[in-house]
Colleague: 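The structure that follows is given in the form of structure tokens.
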There are 2 protein chains.
Amino acid sequence: MRLSRYFLPVLKETPAEAQIASHRLMLRAGMIKQASAGIYSWLPLGFKVLRKLENIVHEEQVRAGHTPMLMPTLQSADLWRESGRYDDYGEEMLRITDRQGRDLLYGPTNEELITDIFRSHVGSYKDLPLTLYHIQWKFRDEIRPRFGVMRGREFFMKDGYNFDLTKEDALHAYNRHMVSYLRTYERMGLQAIPMRADSGPIGGDDTHEFLVLAETGESEVFYDSAITDLKLGDRSVDYDDWDQCASIVKEWTTPYARTDETHDDAKFNEVPEARRMKSRGIEVGQIFYFGTKYSEAMGATVQGKDGKPVPVHMGSHGIGVSRLVGAIIEASHDDKGIIWPEGVTPFHVGIVNVKQGDSEADAACDAIYKSIEALGLEPLYDDTSDRAGAKFATQDLIGLPWRITVGPRGLKNGVVELTCRRTGASEELPPEQAVEKIAEIYTPHHHTERPEPMAKRSFHTWM
Amino acid sequence: MRLSRYFLPVLKETPAEAQIASHRLMLRAGMIKQASAGIYSWLPLGFKVLRKLENIVHEEQVRAGHTPMLMPTLQSADLWRESGRYDDYGEEMLRITDRQGRDLLYGPTNEELITDIFRSHVGSYKDLPLTLYHIQWKFRDEIRPRFGVMRGREFFMKDGYNFDLTKEDALHAYNRHMVSYLRTYERMGLQAIPMRADSGPIGGDDTHEFLVLAETGESEVFYDSAITDLKLGDRSVDYDDWDQCASIVKEWTTPYARTDETHDDAKFNEVPEARRMKSRGIEVGQIFYFGTKYSEAMGATVQGKDGKPVPVHMGSHGIGVSRLVGAIIEASHDDKGIIWPEGVTPFHVGIVNVKQGDSEADAACDAIYKSIEALGLEPLYDDTSDRAGAKFATQDLIGLPWRITVGPRGLKNGVVELTCRRTGASEELPPEQAVEKIAEIYTPHHHTERPEPMAKRSFHTWM
């Protein structure tokens, strides 16, 4: 993309209303614009990141054997009356009356609707196991929306629901979800720690939250530092293998890791002192096993092997996709701006022409641009007439992980500059070598720690 | 995908409430389920098609140089008061009050919101031309929702907005949209005819609707049959070339084609009688040029070349993405079910094992399945224990364009059966040759008439 043809309205001033880094940087980098309290428009750069996260979530859910679908944003109040949650849910539920006087609501979650779909269409234990999920806009009428997309009212979320014949089957579904979530966050360049949680209004026995460590997190967290050494890396996971999934879950749930809600001082003190960590965390996902709570309330049964109806065992599992954009920034930024992990960056590399209009510099930039596109990667070429300093500031602000700087002086010596956003380290090298280096960086599994890049993935791998 | 692991709840009976073919077939093929009046859940098969259409729209918009973003579903009423449409819009606008007593609405369209984004961020003629678009859920509180997704209340729509300095620039944007829409519909296997339209509540001077011919269409249409011979095929279009875009628009707008709303009997009678056609059509898109109507009402100006503020020339352009799923089915089905065009089919080929459990048949199906996946295509393998007749009925109902039938009798002679859903024609051939044939069918530009398949496209081509 050439910047002269893009819509990237960066702000020079820091907006007064933004209290935390991600909110401030998303506004300044032209990623979002508030439409009304807690409701945002995603400007092109923000939408690009949101869509990349959505795609990673889809790919990892499909890899785990889960089936994508889509439920609507508005739901009938009747279904929620049936489960008993219409009155329970409180004022955070946005209640709507249509022109015919029917009660609707903007779905904050979808247990009722998915259970209704299940009971209408699934009749036999032979149709199980089944896990359906969708990624859809949801609404919670927060009394005090703030922190940008981190605590907005209209938010984009993946929620998935498993239906199983027995508790054991449902616990495997729980484990499968935990593993697929770990992989999802890793690909986004995030370390999200599963922590035992309270079940809250959804109800349930087993539940873990996933928290990203960040000073601005809403929760206080206590953990054994051993957990931060764990990585899935490029382990191959067979999601049909109960034992493998259970052993990965055990690995991640053995070290102490809890939020203030479930914290147990006595247990925490059993952790060797040097590994006892206290920090803050941002919740980016949660998984639940809640047994037959909804299936019994709403009559979601299947014919069991003995011909008798049995209520199914269910769980629900969520990832806050729009919130993750903010969480990634909270976990990865500096004074100058955002630092995108390679797996989610909106563009793979920035090209800065320090002397736009200089025919050699222009030609060199064009050539680099085309070579990077030919790799299946996306460059963002600042071809505007801004002075070099302003171009660098914009690049640092929007946080592309790599930048190639092209100027007449370097070109005389046959070199351009390749700069790493995270370390600030630069090296001079011939243009072709800079492009080769970019190709190498975005090659899958170049390092096991590197999140898998998305450039060459087909859109359809997840559908 | 193996059917035993998919969620495809086909119905044997025809639902009583469904009056038209697409509604009936989408319910029977397990594509949708009504959640409440005019509001649908998209079950896995339906969601897959919806997402393919969304992807085609994105790719063609980006190809035309338009920039994707995303606006929220809920909007502040204040913006609509500013444009004067809050009261004008009538009861089809779903009005909502949040817990703080603020007036919101579920956006039926986005002229106000996009104009607000524009005026907040764009200041100079140098930032023009600019075309922003999004694909988002919208709501119209139809008094009598019916015909399934064809006239639902919550619907998925692409709407795009161009901002230009002069009327001439804006008319090029209009032409660019018309051409990109023609290409979009062609890739979906549809013939959508642009017809001069009335501007309705959005207002505007120039406007065309795109109509797909179908008996169940809501509009009566009158056209010169010459227009149905026009095809873009694989012409290469340079969207920056004003003359080329204008000449394509001229080609498509010269033959007479109007709906009953703008029909002119005298002009129609100038068409040679043999080419004078009367039919019905389904509206699947509309483009508008409306000049400075919104920019003046809402103060969307830029500094012109002389330093003085000038209101920008705008247009808005929509494609009904969820409605298109229905329109494609209306235009392409038979008594047995849906017939998907290759460009939008949810799976590329069905595999029917007529004797599940027979080790040779099972092995042959597995091998074909793997070969098709290796091509980057998606098979749907009916590996259930249903009898052959039921499997064929399901395949015909869900309408995959190609089917490979595998049975012990054929395998003895070293052959399987390849069947075309549209013609019903079958041929026996060795499994490898059947797979080769499938590969050839889905190779881009195999025939110029064939819509470009999507299998090998990268997700990121459009972002």
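All chains are named by letter (A, B, ...) in the order of the sequence lines, taking the proteins before the strands, and each is independently numbered beginning at 1. Values reported hereafter were calculated over all heavy atoms of this structure, with side chains retained and with hydrogens, waters and symmetry mates removed.
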Colleague: Side-chain contact test, heavy atoms from C-beta onward, threshold under 4.5 Å: evaluate it for A/L74 versus B/Y106 and give yes or no.
Modeller: yes
Colleague: Using heavy-atom distances under 4.5 Å, tell me whether A/L132 contacts chain B through its side chain, its backbone, both, or neither.
Modeller: side chain
Colleague: Check whether A/I143 gets within reach of chain B through its side chain, its backbone, both or neither, counting any heavy atom under 4.5 Å.
Modeller: both
Colleague: Which one wins on heavy-atom pair count under 4.5 Å against chain B: A/Q75, A/K126, A/H134, A/R102?
Modeller: A/R102
Colleague: B/L104 versus chain A, heavy atoms under 4.5 Å apart: side chain, backbone, both or neither?
Modeller: side chain
Colleague: When heavy-atom pairs shorter than 4.5 Å are enumerated against chain A, which of B/E91, B/Q100, B/E92, B/R5 gives the highest number?
Modeller: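 Most pairs with chain A among the choices: B/E91.
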Colleague: For A/S120 and B/K33: C-alpha separation, side-chain torsions, deciding distance, then whether side chain to side chain contact (heavy atoms under 4.5 Å, CB included) applies.
Modeller: CA-CA 9 Å; A/S120 306; B/K33 178 181 184 332; 3.1 Å; yes
Colleague: Between the main-chain N or O of B/D98 and the side-chain N or O of A/D141, is there a donor-acceptor pair closer than 3.5 Å?
Modeller: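 No; judged by distance alone, with no hydrogens or angles, the pair does not exist.
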Colleague: Report which part of B/L50 has an atom under 4.5 Å of a heavy atom belonging to chain A: side chain, backbone, both, or neither.
Modeller: side chain
Colleague: List the atom of A/Y40, the atom of B/P72, and the distance in Å for their closest heavy-atom pair.
Modeller: O-CD, 3.4 Å
Colleague: Could you check whether any side-chain heavy atom of B/V122 comes within less than 4.5 Å of a side-chain heavy atom of A/F7, counting everything from C-beta outward?
Modeller: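 Yes; the side chains approach each other to less than 4.5 Å.
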Colleague: What part of B/I117 lies closer than 4.5 angstrom to a heavy atom of chain A: side chain, backbone, both or neither?
Modeller: both
Colleague: Hey, does B/F47 have a side-chain heavy atom less than 4.5 Å from the side chain of A/T67?
Modeller: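 Not touching, per the 4.5 Å side-chain cut-off.
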Colleague: Sort A/L43 into side chain, backbone, both or neither according to what part of it lies under 4.5 angstrom from a heavy atom of chain B.
Modeller: both
Colleague: Which atoms of A/D116 are under 4.5 Å from chain B, going by heavy atoms: the side chain, the backbone, both sets, or neither?
Modeller: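 It is both, since atoms from each part get that close.
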Colleague: Between B/E373 and chain A, which part of the residue has a heavy atom less than 4.5 Å away: side chain, backbone, both or neither?
Modeller: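 No part of it gets close to chain A.
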Colleague: Of all of A/M69, A/R99, A/M71, which one pairs up most often with chain B through heavy atoms under 4.5 Å apart?
Modeller: A/R99
Colleague: Which bit of B/S41 comes within less than 4.5 Å of chain A, counting heavy atoms only: side chain, backbone, both or neither?
Modeller: both
Colleague: Within a reach of under 6.0 Å around CZ of B/R81, are more than 12 heavy atoms found that belong to other residues, nucleotides or ligands?
Modeller: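 Above 12, so yes.
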Colleague: Between B/F139 and chain A, which part of the residue has a heavy atom less than 4.5 Å away: side chain, backbone, both or neither?
Modeller: side chain
Colleague: Quick one: do the A/E154 and B/T73 side chains pair a donor with an acceptor below 3.5 Å?
Modeller: yes
Colleague: Provide the closest heavy-atom pair for B/S76 versus A/A35 in the form atom of the first, atom of the second, distance.
Modeller: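 That would be CB-O, 4.5 Å.
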Colleague: Heavy-atom distances under 4.5 Å only: say whether B/L130 touches chain A with side chain, backbone, both or neither.
Modeller: side chain
Colleague: Given that the side chain runs from C-beta out, which part of B/S4 has a heavy atom under 4.5 Å from chain A: side chain, backbone, both or neither?
Modeller: neither
Colleague: After noting the C-alpha distance and the side-chain angles of B/R95 and A/T97, does the key distance pass the side chain to side chain contact (heavy atoms under 4.5 Å, CB included) rule?
Modeller: CA-CA 8 Å; B/R95 290 147 211 265; A/T97 306; over 6 Å; no
Colleague: For A/Q34, is it the side chain, the backbone, both or neither that has a heavy atom under 4.5 Å from a heavy atom of chain B?
Modeller: neither
Colleague: What part of B/I114 is in contact with chain A, defined as an atom under 4.5 angstrom from a non-hydrogen atom: side chain, backbone, both or neither?
Modeller: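 Neither part.
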